[in-house]
2 protein chains.
Amino acid sequence: MGASKTDYFTEQQNQMATIAKALGHPARIAIIEHLLKVNACICSDIVDELPLAQPTVSQHLKELKNAGLIKGNIEGNSICYCIDEKTFQLLNGYFSNIVNTVTSQKCC
Amino acid sequence: MGASKTDYFTEQQNQMATIAKALGHPARIAIIEHLLKVNACICSDIVDELPLAQPTVSQHLKELKNAGLIKGNIEGNSICYCIDEKTFQLLNGYFSNIVNTVTSQKCC
DNA sequence: TTTTAATATCGCAATATTACGATATTGATT
DNA sequence: AATCAATATCGTAATATTGCGATATTAAAA
């Protein structure tokens with residue numbers, strides 16, 4: 001088949017997987033890092049920053065937006081993108097919890 | 001095409017994408033969370049925990065292992081899996097850095 | 001109002017992922 | 001040695017992702 005059996009997992013697990021999946025491509029990591037670097041909203045230069053065609057970048061931005069990782073505000077005829085803080089806080093909390101749990105156990 | 005243009009991105013970006021991608025499936029999130037819950041190495045009950053056939057689980061475990069998210073130690077005729085702490089520390093550092101950077105900026 | 005610039009959507013080809021039955025492997029048990 | 005239990009690998013079908021040319025959309029500029 002190939003259809004992932006989303007129903008069998010908790011909503012939280014599916015949500016975390018969706019977010020992680022959205023970050024699971026180097027172009028999308030590069031977009032996030034670029035947004036961080038310029039440290040503000042940017043309005044169009046993402047296409048110039050990446051070695052990808054405009055429709056491809058647009059698609060990646062859409063996926064990041066759907067996963068809640070970035071926000072996009074319409075600003076005239078261009079769109080202003082920036083990082084959506086709360087999703088990254090969710091990620092940060094998730095992984096810091098894992099690290100805290102794991103370090104207190106002995107393993108292989 | 002469809003081939004991701006790995007060469008155009010930094011090694012770090014590719015590494016982060018690989019790790020995130022490995023977490024981008026609810027079954028693999030569920031595996032990680034189960035390993036956390038039992039708080040130790042486990043030797044075979046992952047298949048029983050998931051609504052997936054044994055070959056499928058084996059494949060997911062392989063991907064988690066390739067991404068450095070879990071370790072597997074051979075223990076007789078079974079294999080003992082546990083969380084690979086340092087990769088989660090990497091993730092934790094990455095996202096806490098993002099959160100720290102982002103909160104100090106004003107945005108959309 | 002025509003043009004231009006920025007972005008999105010469509011359609012499609014190439015590739016990757018997901019799932020699992022069948023089968024192989026490997027070490028323990030009998 | 002034969003059997004069993006745990007896990008891995010192979011092969012393959014179904015589906016999803018990736019990338020981009022062509023085209024649409026939309027708002028500003030001329």
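By convention in this document, chain letters (A, B, ...) are assigned in the order of the sequence lines, proteins followed by strands, and residues within each chain are numbered from 1.
Between A/His60 and the phosphate of D/dT17, there is no side-chain N or O to OP1/OP2 separation shorter than 4.0 Å. Contact annotation: B/Lys21 does not reach the phosphate of C/dA16 (side-chain N/O to OP1 or OP2, under 4.0 Å).
For residues 86-95 of chain A, the set of pairs meeting the salt bridge (charged side-chain N to carboxylate O under 4.0 Å, His left out) definition, not counting sequence neighbours, comprises A/Asp84-A/Lys86. Sorted by first and then second residue, the side chain to side chain donor-acceptor pair (under 3.5 Å) pairs involving residues 49-58 of chain A (not counting sequence neighbours) form an empty list.
One atom, CZ of A/Arg28, and another, C1' of D/dG19, lie 12 Å apart when rounded to the nearest Å. Regarding B/Glu75, its CD atom lies at a distance of 13 Å from the C1' atom of C/dG27, rounded to whole Å. In this entry the distance linking CG of B/Leu23 with C1' of C/dT18 reads 17 Å, nearest Å. Distance, A/Asn77 CG to D/dA27 C1': 5 Å, rounded to whole Å. Note: OH (A/Tyr8) to C1' (C/dT18) measures 14 Å, nearest angstrom. Taking atom CD of residue B/Glu49 and atom P of nucleotide D/dA6, one finds them 15 Å apart after rounding to whole Å. Across the protein-nucleic acid pair, A/Glu63 atom CD and D/dT17 atom P stand 7 Å apart, rounded to whole Å. The CG atom of A/Leu50 sits 16 Å away from the C1' atom of C/dA6 (whole-angstrom rounding).
With sequence neighbours excluded, the residues satisfying salt bridge (charged side-chain N to carboxylate O under 4.0 Å, His left out) with B/Glu63 are B/Arg28. Partners of B/Glu33 by side chain to side chain donor-acceptor pair (under 3.5 Å), not counting sequence neighbours, listed by chain and number: A/Gln13, A/Tyr94. In this structure A/Lys65 satisfies the salt bridge (charged side-chain N to carboxylate O under 4.0 Å, His left out) test with no other residue, sequence neighbours excluded. Evaluation of the side chain to side chain donor-acceptor pair (under 3.5 Å) rule for A/Asn92 yields no partner, not counting sequence neighbours. A/Lys37 meets the salt bridge (charged side-chain N to carboxylate O under 4.0 Å, His left out) test with no other residue; sequence neighbours excluded.
By the 30° and 60° cut-offs, the orientation of the rings of A/Phe95 relative to B/Phe88 is tilted.
Under 3.5 Å, the side chains of A/Gln15 and A/Glu11 contain no donor-acceptor pair of N or O atoms.
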Report, one pair per line, the protein and nucleotides 8-12 of chain D atoms (nitrogen or oxygen only) whose separation is under 3.5 Å.
residue : atom : partner : partner atom : Å
D/dA8   : OP1  : B/Tyr81 : OH           : 2.8
D/dA8   : OP2  : B/Ser58 : OG           : 2.8
D/dA8   : N7   : B/Gln54 : NE2          : 2.7
D/dA8   : N6   : B/Gln54 : OE1          : 2.9

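Remark on DNA chain D: of its neighbouring residues A/Ile74 and A/Gly24, the 5'-side contact belongs to A/Gly24, judged by nearest-heavy-atom nucleotide.
Across its full length, the helix from C/dT1-D/dA30 to C/dT30-D/dA1 shows an angle of 10° between the axes of its 5 terminal pairs at either end, rounded to 10 degrees.
The side chain of A/Ser78 has C/dT7 as its nearest neighbour among C/dT7, D/dG19, D/dA27.
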